[in-house]
Amino acid sequence: MRIDVLTLFPRMFEGPLGESIIGKAREKGLLEINVSNFRDYSDNKHQTVDDYPYGGGAGMLLKVQPVYDNIKAIEAAAPETKKRVILLDPAGKPFDQKMAEEFSTEEHLVFICGHYEGYDERIRSLVTDEVSLGDYVLTGGELGAMVMIDATVRLLPEVLGNQTSAQTDSHSTGLLEHPQYTRPAEFNGMKVPEVLMNGNHKLIEQWQLKESLRRTFQRRPDMLENYPLTAEMQKLLKEIEEEAKAGN
């Protein structure tokens, strides 16, 4: 996969995109990331990238020309790839795990990180997606792009040591992940559930499913509203609801 990022602050990406899973993916040649400063593509001698909005209004808007020329340069550098161009925008579609999974199937992603009050509307004609990290406003799109890149890259084949880890993560299955434990078996009086140490894989899987349902029921009941529950899941969920009423 190739990822390009358009930003006014390229140094913000040096650490996050060079460490941990993303850094290792780049070292293995599974991922190419290029970060460009679209100020370099401004067509005036002062390299300005923003201006006052027509019709008045607070703040400054990003101009279309530098972004347009930066994207054209990316197209010239990689003419053979099919590009998905993503505009980071608080008014965009909320980013979620399903979107990360979609992005992970693409060969070339381009993220445009905004700043200032907003965008010249014509910038939107250059993109395929307008995406928001959530219902809040950040100073710029850089942090949002980093989160989306991280969530996407870890889903690429061979990036994680154990691909099952990505498939069973919270939100990947549609449910929150069940509790997990490692050594020691007891710490400060807190014990690992006996079922996880008895070696009976069928019982372990059933416990994991029930605890995944329990955690989702307790923390994100909205996720269960449209979830395709099997007969076994419905039975376990009923047990969980009865246990909750009993105060267990």
Side-chain angles (χ1 to χ4, degrees), residues 1-18 22 26 31-96 99-100 102-153:
M1 172 181 278
R2 171 171 171 159
I3 295 177
D4 279 272
V5 180
L6 282 65
T7 174
L8 293 173
F9 303 97
R11 290 176 59 187
M12 288 182 67
F13 292 86
E14 292 176 1
L17 300 189
I22 296 178
R26 297 175 74 177
L31 175 67
E32 177 186 350
I33 298 182
N34 303 286
V35 181
S36 54
N37 187 339
F38 58 85
R39 188 181 298 279
D40 296 337
Y41 293 86
S42 176
D43 63 0
N44 67 76
K45 64 180 181 180
H46 300 294
Q47 290 192 307
T48 56
V49 294
D50 62 324
D51 210 333
Y52 294 102
Y54 282 116
M60 308 283 278
L61 299 179
L62 286 177
K63 300 170 66 175
V64 62
Q65 177 272 316
V67 175
Y68 175 86
D69 284 359
N70 198 163
I71 289 177
K72 286 300 179 184
I74 292 170
E75 291 176 349
E80 73 286 354
T81 63
K82 182 180 179 182
K83 299 163 186 66
R84 192 158 180 176
V85 183
I86 301 142
L87 184 71
L88 278 293
D89 186 355
K93 183 178 179 181
F95 182 74
D96 57 16
M99 192 179 294
E102 290 179 11
F103 286 173
S104 71
T105 65
E106 303 290 345
E107 61 176 328
H108 193 168
L109 300 176
V110 180
F111 291 89
I112 302 174
C113 302
H115 222 73
Y116 306 113
E117 178 63 23
Y119 302 97
D120 182 307
E121 188 68 18
R122 290 166 291 189
I123 290 176
R124 301 183 194 279
S125 68
L126 309 176
V127 309
T128 57
D129 301 84
E130 298 176 29
V131 184
S132 167
L133 192 60
D135 293 335
Y136 47 86
V137 180
L138 298 173
T139 305
E142 285 77 14
L143 294 175
M146 292 178 207
V147 170
M148 294 177 195
I149 290 170
D150 187 280
T152 298
V153 169

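Please read these numbers as outputs of a predicted model, since none were measured by experiment. What's counted below: heavy atoms across the whole structure, side chains too, no hydrogens, waters or symmetry copies.
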ask   = What is the minimum heavy-atom distance between Leu61 and Pro53, and which atoms define it?
value = CD1-CB, 3.6 Å
inquiry  = Using 30° and 60° as the class boundaries, would you call the ring planes of Phe9 and His115 parallel, tilted or perpendicular?
reply    = tilted
Within-4.5 Å side-chain heavy-atom neighbours: Asp150 and Pro16 = no
task = To the nearest 0.5 angstrom, please state how far the CD1 atom of Ile112 sits from the CG atom of Asp4.
result = 10.5 Å
Mind listing the side-chain donor-acceptor pairs of residues 134-145 below 3.5 Å, one per line with the distance, residues two or more places apart or on another chain?
from: Glu142; atom 1: OE2; to: Thr7; atom 2: OG1; distance (Å): 2.6

query = Rounded to the nearest 0.5 Å, how far does CG of Leu17 lie from CG of Asn34?
reply = 11.0 Å
Ser42 side chain vs Pro66 backbone, donor-acceptor pair below 3.5 Å = no
remark   = Heavy atoms of Asp120 and Val64 approach each other most closely as CB-N, 4.1 Å
query = Closest approach of Glu102 and Thr105, non-hydrogen atoms and distance?
reply = O-OG1, 2.7 Å
query = Is the closest basic N to carboxylate O distance between Arg84 and Asp129 below 4.0 Å?
reply = yes
request  = Evaluate the side-chain proximity of Leu88 to Met148: yes if any heavy-atom separation is below 4.5 Å, no if none is.
outcome  = yes
message = Could you tell me if the side chain of Val153 sits less than 4.5 Å from the side chain of Ile33, heavy atoms only?
response = no
query = Quick one: does Ser132's side chain have a donor or acceptor within less than 3.5 Å of a partner on Pro94's backbone?
reply = no
key: side-chain contact (heavy atoms from CB on, under 4.5 Å) involving Asn37 - partner list, sequence neighbours excluded   = Leu8, Pro10, Arg39, Asp40
request  = Could you pull out all residues at least two apart from Thr81 that satisfy side-chain contact (heavy atoms from CB on, under 4.5 Å)?
outcome  = Ala78, Lys83, Glu107, His108
key: side chain to side chain donor-acceptor pair (under 3.5 Å) contacts in which one or both residues fall within residues 52-71, not counting sequence neighbours   = Ser36-Asn70, Gln65-Asp69
request  = Would you mind reporting whether Ile86 and Phe103 have side-chain heavy atoms less than 4.5 Å apart?
outcome  = yes
ask   = About how many Å separate CD1 of Ile22 and CG of Leu31, when rounded to the nearest 0.5 Å?
value = 7.5 Å
task = State, to 0.1 Å, how close Phe38 and Cys113 come at their nearest heavy-atom pair, and which atoms those are.
result = CE2-O, 3.8 Å
inquiry  = Working note: Ile149 + Val5, criterion side-chain contact (heavy atoms from CB on, under 4.5 Å); need CA distance, chi angles, decisive distance, verdict.
reply    = CA-CA 10 Å; Ile149 290 170; Val5 180; 3.9 Å; yes
message = Which residues pass the side-chain contact (heavy atoms from CB on, under 4.5 Å) test with Glu130, not counting sequence neighbours?
response = Leu87, Asp89, Arg124, Val127
query = Who pairs with Lys72 by salt bridge (Lys or Arg N to Asp or Glu O under 4.0 Å), at least two apart in sequence or on another chain?
reply = Glu75
Nearest-0.5 Å distance that lies between atom CZ in Arg122 and atom CG in Leu62 = 12.5 Å
